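Here the structure is laid out as structure tokens; the discussion comes afterwards.
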Amino acid sequence: MDPCPFVRLTVGNLALKIPVASKPALSVVHPSSSPCFCKIKLKNFPLQSAVVPFIPPESHFPDSQVHPIAATFHLSKSDIDKLAGKSIFAGKLCLKISIYTGRRGTTCGVSSGRLLGRVSVPLDLTGTVAKTTVFHNGWIRIGKDAKGSSAQFHLNVKAEPDPRFVFQFDGEPECSPQVFQIQGNISQPVFTCKFSFRNNGDRNHRSRSLQSEPGGSRSWLSSFGSERERPGKERKGWSITVHDLSGSPVAAASMVTPFVASPGSDRVSCSNPGSWLILRPSDGTWKPWGRLEAWRERGGSDGLGYRFELIPDTNGGMSAAGIVLAESTLSNNKGGKFVIDLSCRNGNVSGNGGSNGRATPGSATSPACSPRSSGDYGYGLWPYCMYRGFVMSASVEGEGRCSKPTVEVSVPHVNCTEDAAAFVALAAAVDLSVDACRLFSQRLRKELCQQLDLIG
């Protein structure tokens, strides 16, 4: 089947030039003492925000390597049709940007920033599913001082085709559902999922690969997981295997570190998260592809915290560390989207999680520039020679809601059935982590409890 058409609308190369005043004036911002930020709004999409860097007044163009993409909107074909819909009550579609001086945030419920100016960029999304369209690239004058001179705001706004494969679970992952590929109004089964428990009473079985293939398979689960066995509150031994239509296993997610309540509490803490290993078949056994950690955040957010890292293929060696590709928080109440997107590189974008994501505002859905996440983004370095731009997203429902995850995977990242299946297994692990991180005072549904748990 063909992939679904998607468009990626990006806002980048932000910069601000402020006129130099000969005399101090309240209308003039001093770059060294007053940081700036902007709020970026597209109709029907969550608000995003980003820091706006100052550049010297004599500069003509910001360095694109220093000022990367600041905001991204992911548009499906239906999103584009709705935004492009004609109405006598609606004006022309525009991307609206408000630029503020001061630090982001609120004080006593009042925004701490002072509005410097607004920018409106007209958008015509017709034809953007087939070709790249640049809507604006350059400087715009904003605001005025007493002499009539203006500050200047630089930005680049463009839309690029970003086709994706879309997969839909027809049930909750713990109910061993089928997975369909979606293309428009057509759905076609491509995978089946099998949820199961590993035998937690047998330590040797715990360390073997899931349904180990013939041959001496290495104990990957024990190598990457924690062998801790603690009495009391814990959830452990969950696994889900993805099969193709012929019945062959093509990916798996296995809980390798139990989800355990921290001492004196009823929750899985950030300091002691549970974890999953995402596995792919190779040479008659399973090989690790990625690792997902999850925990329950404290405080008012009470969200699901997560971290996903790729595990490099070291041909049997164990020395190479994983590289974090996604680290953020989802609302336990409302849910949201788990997103791997390497296009937003400055970590300043609010975690909108895609076109209708509901991630906690202010949380980055892409890796920040740090040694842990290879923030230099040299595309000759692993894994950025393989993963670029938008990689995948998976919908996640809140606690107590029926969850049938929808998974979107960018076409360049799917070269074979196992590629797609690995992302499906990852989506299942994220969804199951919502239940694994539920407060231990709450009972899980029977599909997630072993017989001994039900009896107890």
Side-chain angles (χ1 to χ4, degrees), residues 9-64 66-73 83 90-125 133-159 344-352 361-362 364:
L9 180 69
T10 58
V11 182
N13 283 13
L14 301 185
L16 188 66
K17 289 197 294 190
I18 302 293
V20 178
S22 57
K23 295 181 180 180
L26 293 177
S27 60
V28 176
V29 179
H30 194 280
S32 64
S33 60
S34 301
C36 285
F37 66 95
C38 68
K39 296 180 179 179
I40 305 167
K41 178 64 179 176
L42 179 65
K43 182 181 178 182
N44 300 332
F45 286 77
L47 186 73
Q48 299 191 41
S49 64
V51 170
V52 181
F54 285 98
I55 68 171
E58 63 274 11
S59 298
H60 298 288
F61 190 79
D63 183 350
S64 61
V66 177
H67 310 294
I69 293 173
T72 304
F73 298 90
L83 291 172
K92 190 171 184 179
L93 178 65
C94 291
L95 181 74
K96 298 180 180 180
I97 304 174
S98 301
I99 302 98
Y100 296 84
T101 62
R103 300 186 181 278
R104 286 182 288 182
T106 58
T107 303
C108 299
V110 179
S111 176
S112 59
R114 181 172 67 86
L115 181 66
L116 183 64
R118 291 189 175 93
V119 170
S120 184
V121 180
L123 302 177
D124 181 2
L125 299 175
T133 303
V134 178
F135 298 108
H136 182 86
N137 185 38
W139 295 97
I140 299 178
R141 293 187 178 275
I142 58 171
K144 287 196 279 187
D145 66 10
K147 293 184 178 181
S149 62
S150 301
Q152 295 184 71
F153 180 66
H154 188 282
L155 76 161
N156 174 280
V157 181
K158 69 177 179 179
C344 298
R345 298 177 288 179
N346 60 356
N348 293 324
V349 182
S350 295
N352 71 333

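Small disclaimer: the values here were computed from a predicted structure and weren't measured. The basis for the numbers below is simple: all heavy atoms, side chains too, and nothing from hydrogens, waters or symmetry mates. Count residues from 1 along the sequence.
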Heavy-atom closest pair, residues [X] and [Y]:
| X | Y | result |
| --- | --- | --- |
| Ile142 | Arg118 | CG2-O, 4.1 Å |
| Lys96 | Ser120 | CG-OG, 4.3 Å |
| Ala151 | Ile18 | CB-CD1, 3.7 Å |
| Phe135 | Leu125 | CZ-CD2, 4.2 Å |
| Cys36 | Phe54 | SG-CZ, 3.4 Å |
| Asn44 | Lys41 | N-NZ, 4.5 Å |

Practice task
For the pair Phe73 and Phe45, name the ring-plane relationship: parallel under 30°, tilted 30 to 60°, perpendicular over 60°.
Solution key: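 Because their plane-to-plane angle is over 60°, the rings of Phe73 and Phe45 count as perpendicular.
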Practice task
Identify which one of Ile40, Asn13, Leu9 satisfies the side-chain contact (heavy atoms from CB on, under 4.5 Å) criterion when paired with Val157.
Solution key: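 Of the listed options, the one satisfying the test is Leu9.
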From [X] [atom1] over to [Y] [atom2], what is the distance, rounded to the nearest 0.5 angstrom?
| X | Y | atom1 | atom2 | result |
| --- | --- | --- | --- | --- |
| Leu116 | Leu16 | CG | CG | 6.0 Å |
| Leu93 | Leu42 | CG | CG | 6.0 Å |
| Ile69 | Thr10 | CD1 | OG1 | 5.0 Å |
| His136 | Leu155 | NE2 | CG | 4.5 Å |
| Leu115 | Ile99 | CG | CD1 | 8.0 Å |
| Ile97 | Ile140 | CD1 | CD1 | 7.5 Å |

